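In this text the structure is predicted, and so the values were computed from the model without any measurement.
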Amino acid sequence: MEASKMTKHPLIIEEWNGSSSTKLFKTATITFSPSLQIQRSVNGFNHVWRRFLDAFVPEGFPGSVTPDYVPFQVWDSLQGLSTYIRTMLSTQALLSAIGVGEKSATIIGATFQWFLRDLTGMLGGILFTLYQGSNLDSNAKMWRLVADLMNDLGMLMDLLSPLFPSAFIFIVCLGSLSRSFTGVASGATRAALTQHFALQNNAADIAAKEGSQETMATMIGMALGMLLARITTENPVAIWFSFLSLTMFHMYANYKAVRCLSLDSLNFERSSILLQHFIESGQVLSPKEVSAMEHVLPLWTTLRLSKSAKPLHTNVKLGLRVSTLDHSEMANFLTSAGSFYNEAKYLLVERKGTVSVVVHKDSTAEDILKSYIHALVVVNLTVGQKSLHLECQSWMDKHYESFVQKLKLAGWKAGRLLSHSIIWKAHWSLGEKTD
């Protein structure tokens, strides 16, 4: 509340609404004239509209979120809307295949089929978490896109189920398995993206408002889906045309959504892109520039279409299991421990065309970042089958600190995701010999 001192001039009081300085807006102006007449000026429409908007955007919006929040949410809401419309079509087909509406169908038979479908999905979710759980944070873009593609496959299986009665159980279980991957990957990547969007420690608020946006999209999608299901009833051509058209739009909206993201955390590919550009130009790219260069689909899908050399990070393995080394590799490992890396919290081992990093169990996020950059430098400077350890170490001594400083100045958050991706660590010590 702002007020002037009581004088002969009118006293003006302004009323502001909001719980933080970034979200204050004027709701009323009260003027006290010398004769104590009160004039109020309130824009009721703006007040009601702002209160309605508060249910869908984070507090302090737009200053409390990153610039890529709005375009991502727009495309994400559109793809969600198409999903809910298609869900009505696929659910209608699935219920028809189970036998809803047929006199010959039994309750126990339909219940068993539905139970088996859900059980397959639960087991699939557990197995997917076991296989890829630690990789979801560092590749949030890719897994966000893959999750929705798997959801499309799951709904396609539901729609196909009535066409193959003899293979019904297999088809619906395959669809449930696909959606289980979607649930795990989508939930995990959503958490990672929420942390990215939050600029004022407001991740919980962003998650709550995202839930409101999803609820609104769900209600609209359900209404449109029921209308579409009614229009296309008993018309297979119209059903398939609607489903496939919405699926194509869903895939496009998802691709646009992940392309809008400018993540500022370092993962394997972004580190490789940044280092290669730094070696060539001495400059560090911004998160927005790197986002336009990194892959959003699994790397193997694009490498087959490209004849260019593989990115550096495909030849680096972070977190090597020491017990898998053979005799000669172990000898090289012990030599390295006493020479090039005697003061580092990591060791580099060249094996089978890749550079593997053995990480010390007491290493910090900074040590892990340094080890990974060192391994990328070794791959970049390797000539034929002969690596240049001394040249690589010289490059690290001269340029690494400058590289890290420029990363921070460009807005990058270094090391966190890399350290989360490590499963195997080791311990070693180089003490003095004793009798």
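Remark: the backbone N or O of Ala55 is paired with a side-chain donor or acceptor of Ser212 at under 3.5 angstrom. The backbone N or O of Gln79 sits nowhere less than 3.5 Å from a side-chain atom of Asn254 that would complete a donor-acceptor pair. No donor-acceptor pair under 3.5 Å is formed between the side chain of Trp143 and the backbone N or O of Thr182. With Glu289 contributing its side chain and Ser286 its backbone, the two residues share a donor-acceptor pair below 3.5 Å. Remark: side-chain polar atoms of Thr324 are not paired, donor with acceptor, to backbone N or O of Leu320 under 3.5 angstrom. Using a distance-only test at 3.5 Å, with no hydrogens or angles considered, a donor-acceptor pair links the side chain of Asp367 to the main chain of Thr364. Distance alone, capped at 3.5 Å, places no donor-acceptor pair between the His313 side chain and the Leu376 backbone. For the pair Lys209 (side chain) and Phe56 (backbone), a donor-acceptor distance under 3.5 Å is absent.
A salt bridge links Arg144 with Asp76: at least one charged nitrogen is closer than 4.0 Å to a carboxylate oxygen. Contact check on Asp158 versus Arg86 returns no salt bridge, with no Lys/Arg side-chain nitrogen under 4.0 Å from an Asp/Glu carboxylate oxygen.
The side-chain heavy atoms of Leu224 and Tyr84, taken from C-beta on, include no pair separated by under 4.5 Å. In this structure, Leu347 and Val357 have side chains that are not in contact, with every pair of non-hydrogen atoms separated by 4.5 Å or more. Side-chain contact check for Leu159 versus Ile239: some heavy-atom pair is nearer than 4.5 Å. Residues Asn267 and Arg270 form a side-chain contact, since some pair of their non-hydrogen atoms from C-beta on lies under 4.5 Å apart. The shortest side-chain heavy-atom distance between Asn151 and Phe181 does not fall under the 4.5 Å cut-off. Side-chain contact between Leu156 and Thr247 is absent, with no heavy atoms from C-beta onward closer than 4.5 Å. Side-chain contact check for Val146 versus Met150: some heavy-atom pair is nearer than 4.5 Å. A 4.5 Å side-chain heavy-atom check between Ile368 and Lys345 finds every atom pair outside the cut-off.
Separation of atoms CH2 (Trp412) and CG (Leu369) is listed at 12.0 Å; rounding is to 0.5 Å. Atoms CG and CD, from Leu78 and Gln73 in turn, are 11.0 Å apart once rounded to the nearest 0.5 Å. Taking CD from Glu210 and OG1 from Thr194, the interatomic distance works out to 6.5 Å, rounded to the nearest 0.5 Å. Ser245 OG to His250 NE2: the interatomic distance, rounded to the nearest 0.5 Å, is 14.5 Å. Note that CH2 of Trp240 is 12.5 Å distant from OG1 of Thr232, once rounded to the nearest 0.5 Å. Rounded to the nearest 0.5 Å, atoms CG (Asp152) and CE (Met157) are 11.0 Å apart.
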**Request:** In sequence, state the C-alpha distance, the side-chain angles, and the governing distance for Met155 and Ser178, and then conclude on side chain to side chain contact (heavy atoms under 4.5 Å, CB included).
**Result:** CA-CA 9 Å; Met155 284 191 286; Ser178 298; over 6 Å; no
**Message:** Applying side chain to side chain contact (heavy atoms under 4.5 Å, CB included) to Thr354 and Val316, what does each step give before you reach the verdict?
**Reply:** CA-CA 6 Å; Thr354 65; Val316 176; over 6 Å; no
**Asked** Should Leu266 and Leu274 be marked as a side chain to side chain contact (heavy atoms under 4.5 Å, CB included) after you check the CA-CA gap, both sets of side-chain angles, and the distance that decides it?
**Response** CA-CA 9 Å; Leu266 289 180; Leu274 287 164; 3.3 Å; yes
**Request:** Kindly determine whether Leu261 and Phe197 satisfy side chain to side chain contact (heavy atoms under 4.5 Å, CB included), including the steps that lead there.
**Result:** CA-CA 10 Å; Leu261 294 171; Phe197 291 137; 3.7 Å; yes
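Using cut-offs of 30° and 60° for the angle between ring planes, the His399 and Phe278 rings count as perpendicular.
Closest approach of Ala375 to Val355, counting heavy atoms only: CB-CG1, 3.9 Å. The minimum heavy-atom distance between Trp395 and Leu275, with the atom names listed, is CH2-CD1, 3.6 Å. Shortest non-hydrogen contact noted between Gly221 and Ile85 is O-CG1, 3.6 Å. Nearest heavy atoms, Lys288 versus Ser262: CA-OG, 3.7 Å. Smallest separation of non-hydrogen atoms from Ile171 and Phe164: CD1-CB, 3.7 Å. When all heavy atoms are compared, the tightest approach of Ala217 to Ser77 is CB-O, 4.3 Å.
Centroid-to-centroid, the aromatic rings of Tyr372 and Phe268 come within less than 6.0 Å. Two rings, from Trp75 and Tyr252, have their centers less than 6.0 Å apart. Between Tyr346 and His374, the distance separating the two ring centers is shorter than 6.0 angstrom.
The number of heavy atoms from other shown groups lying within 6.0 Å of CE (Met396) is above 12. Heavy-atom neighbours of Lys256 NZ from other residues, nucleotides or ligands within 6.0 Å: at or below the threshold of 12. Few gaps surround CG on Asp362; more than 12 heavy atoms of other groups in view lie less than 6.0 Å from it.
No side-chain donor from either of Gln283 and Ser281 sits under 3.5 Å from a side-chain acceptor of the other.
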